[in-house]
Colleague: 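Quick one: structure below, then a few questions.
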Protein chains: 2
Amino acid sequence: MATTTAAQRRAAAKVQFDAFLAACPSRKLLDRISDKWVVLILCALGGDGLSRPAAGDGRGLPALRYSQLARTLAGVSQKMLTQTLRSLERDGLVTRTVTPTVPVTVTYELTDLGRSLLEVMRGVKRWAETNIPTVLAHREAYDARASRAPTS
Amino acid sequence: MATTTAAQRRAAAKVQFDAFLAACPSRKLLDRISDKWVVLILCALGGDGLSRPAAGDGRGLPALRYSQLARTLAGVSQKMLTQTLRSLERDGLVTRTVTPTVPVTVTYELTDLGRSLLEVMRGVKRWAETNIPTVLAHREAYDARASRAPTS
DNA sequence: CAGGATCCCGCTAGATACTG
DNA sequence: CAGTATCTAGCGGGATCCTG
């Protein structure tokens, strides 16, 4: 079942959204997804933070529990984790599944849409991880230049 | 001359940086580049916002002036534009060139490092622009479900 | 033209405490 | 376990004024 209307599909096909425009909805969406926690949650649900290589076949990505996510994203507060997960769920990027066990079990999983964004976000995370040394070197050079500023 | 130390190159080669760790420098870098304005500035310097197709050959990307960037990124404040550009310059992603004309001319250009990030960021921007209709539809559905919440 | 410097508001991240 | 609720400090970010 398609969850998009005809009008929406037409719009998408015509690429009529432009994030350069302040009023365009895509600008807001860009702002939402341009977030540290979004990147990390998506990557975690993509299986990037798992030590066990199980289910690493693209299909059937891991359904992670809240606590697993909290452990993977070191230093995240419950508030930010919950808040970001809700936002992702609302936007249709992840699904939230509640299993009424004795202590309730909640798992999160990427949707198809979420998986499409994951591809991009993985690139962002990897870029940061591979280029941080270069960036650090540039900063040192920049700051060194700034420190010997002409007093005259 | 190489601007990276031997230790840094070793580290990069071993992929020992992990943004999942709170203390890892790459986490901070991820936070920096996960920014609306960073994405838009990079895309603008990548030539995405230009009407004239000139210099769209990958090589020789446009050197945009401050005012051109301000016009392209509709709604950006001078503060955020200047601040983000400084940050990008410090990180070695863009170069800032001052030409001492009558009214001074300042142009910004992507470095090789900046161009490598551009590839990723273009994906982020395009994802937002192409998937905003779907996301909007999901939100509507989500909010509709939330509005008929059980009062009992 | 391309910013630098300030003021200041708003919101948001984080810490803490409580709960089904 | 997986949240919700509340409070607050901090700063992100816009508006405004000024300058080489």
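All chains are named by letter (A, B, ...) in the order of the sequence lines, taking the proteins before the strands, and each is independently numbered beginning at 1.
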Colleague: Checking side chain to side chain contact (heavy atoms under 4.5 Å, CB included) between B:L45 and each of B:L118, B:T72, B:L40, B:L69, which is the one that passes?
Modeller: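 Only one of B:L118, B:T72, B:L40, B:L69 forms a side chain to side chain contact (heavy atoms under 4.5 Å, CB included) with B:L45, namely B:L69.
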
Colleague: Test your reading of the model: is there a side-chain donor-acceptor pair from B:R27 to the backbone of A:A74, 3.5 Å cut-off?
Modeller: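 Present.
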
Colleague: Any side-chain N or O of B:Y108 less than 4.0 Å from the OP1 or OP2 oxygen of C:dG3?
Modeller: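 So the side chain of B:Y108 is within the cut-off, an N or O lying under 4.0 Å from OP1 or OP2 of C:dG3.
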
Colleague: In whole angstrom, what separates A:L85's CG from D:dA2's C1'?
Modeller: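 So the two atoms are 11 Å apart, to the nearest Å.
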
Colleague: For A:L61 and A:E109, run side-chain contact (heavy atoms from CB on, under 4.5 Å): C-alpha distance rounded to whole Å, both residues' side-chain angles, the deciding distance at 0.1 Å, then the answer.
Modeller: CA-CA 7 Å; A:L61 284 179; A:E109 219 166 343; 5.7 Å; no

Colleague: What does the inter-axis angle of the helix from C:dC1-D:dG20 to C:dG20-D:dC1 come out as, five pairs per end, nearest 10 degrees?
Modeller: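 The value is 60°.
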
Colleague: Starting from the C-alpha separation in whole Å, work towards a yes-or-no answer on side-chain contact (heavy atoms from CB on, under 4.5 Å) for B:K28 and A:I132.
Modeller: CA-CA 9 Å; B:K28 285 192 155 189; A:I132 177 70; over 6 Å; no

Colleague: Ignoring hydrogens and geometry, is there a side-chain-to-backbone donor-acceptor pair from A:T105 to A:T101 under 3.5 Å?
Modeller: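 The answer is no, because no donor-acceptor pair under 3.5 Å joins these two groups.
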
Colleague: Please find the pair of heavy atoms, one from B:F20 and one from A:A44, that lie closest to each other, and give the distance.
Modeller: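 Closest heavy-atom pair between B:F20 and A:A44: CZ-N, 3.7 Å.
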
Colleague: Could you state the CG-P distance from A:L81 to C:dT12, rounded to the nearest angstrom?
Modeller: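 About 17 Å, once rounded to whole Å.
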
Colleague: So, OP1 or OP2 of C:dC1: does either fall under 4.0 Å of a side-chain N or O from B:S67?
Modeller: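 False: B:S67 side-chain N/O out of range (4.0 Å or more) of C:dC1 OP1/OP2.
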
Colleague: Summarise protein proximity over nucleotides 10-20 of chain D in one line of letters, 5' to 3': B for base, S for sugar-phosphate only, - for none, counting protein heavy atoms closer than 4.0 Å.
Modeller: ---BB-B---B

Colleague: For the pair made of CZ in A:R96 and C1' in D:dT4, what is the distance, rounded to whole Å?
Modeller: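 Going from A:R96 (CZ) to D:dT4 (C1'), I get 12 Å.
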
Colleague: Specify the separation, in whole Å, of atom CD of B:E89 and atom C1' of C:dA2.
Modeller: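 Atom CD in B:E89 sits about 13 Å away from atom C1' in C:dA2.
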
Colleague: When the distance from CZ of A:R71 to P of D:dC1 is rounded to whole Å, what number comes out?
Modeller: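 Result: 8 Å.
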
Colleague: Will you find, in the side chains of B:Y66 and B:T82, an N or O donor that is under 3.5 Å from an N or O acceptor?
Modeller: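 Per modelled atom types, B:Y66 and B:T82 side chains form a pair under 3.5 Å.
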
Colleague: Between B:V135 and A:R32, is a side-chain contact (heavy atoms from CB on, under 4.5 Å) present by the stated rule, with each step listed?
Modeller: CA-CA 11 Å; B:V135 168; A:R32 284 257 166 94; over 6 Å; no

Colleague: Take B:T84 and B:L88 through the test side-chain contact (heavy atoms from CB on, under 4.5 Å) and record every step on the way to the result.
Modeller: CA-CA 6 Å; B:T84 308; B:L88 293 176; 4.2 Å; yes

Colleague: Ignoring backbone atoms, test whether B:R65 places a side-chain nitrogen or oxygen under 4.0 Å from the OP1 or OP2 oxygen of C:dA2.
Modeller: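 For C:dA2, OP1 or OP2 has a side-chain N or O of B:R65 closer than 4.0 Å.
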
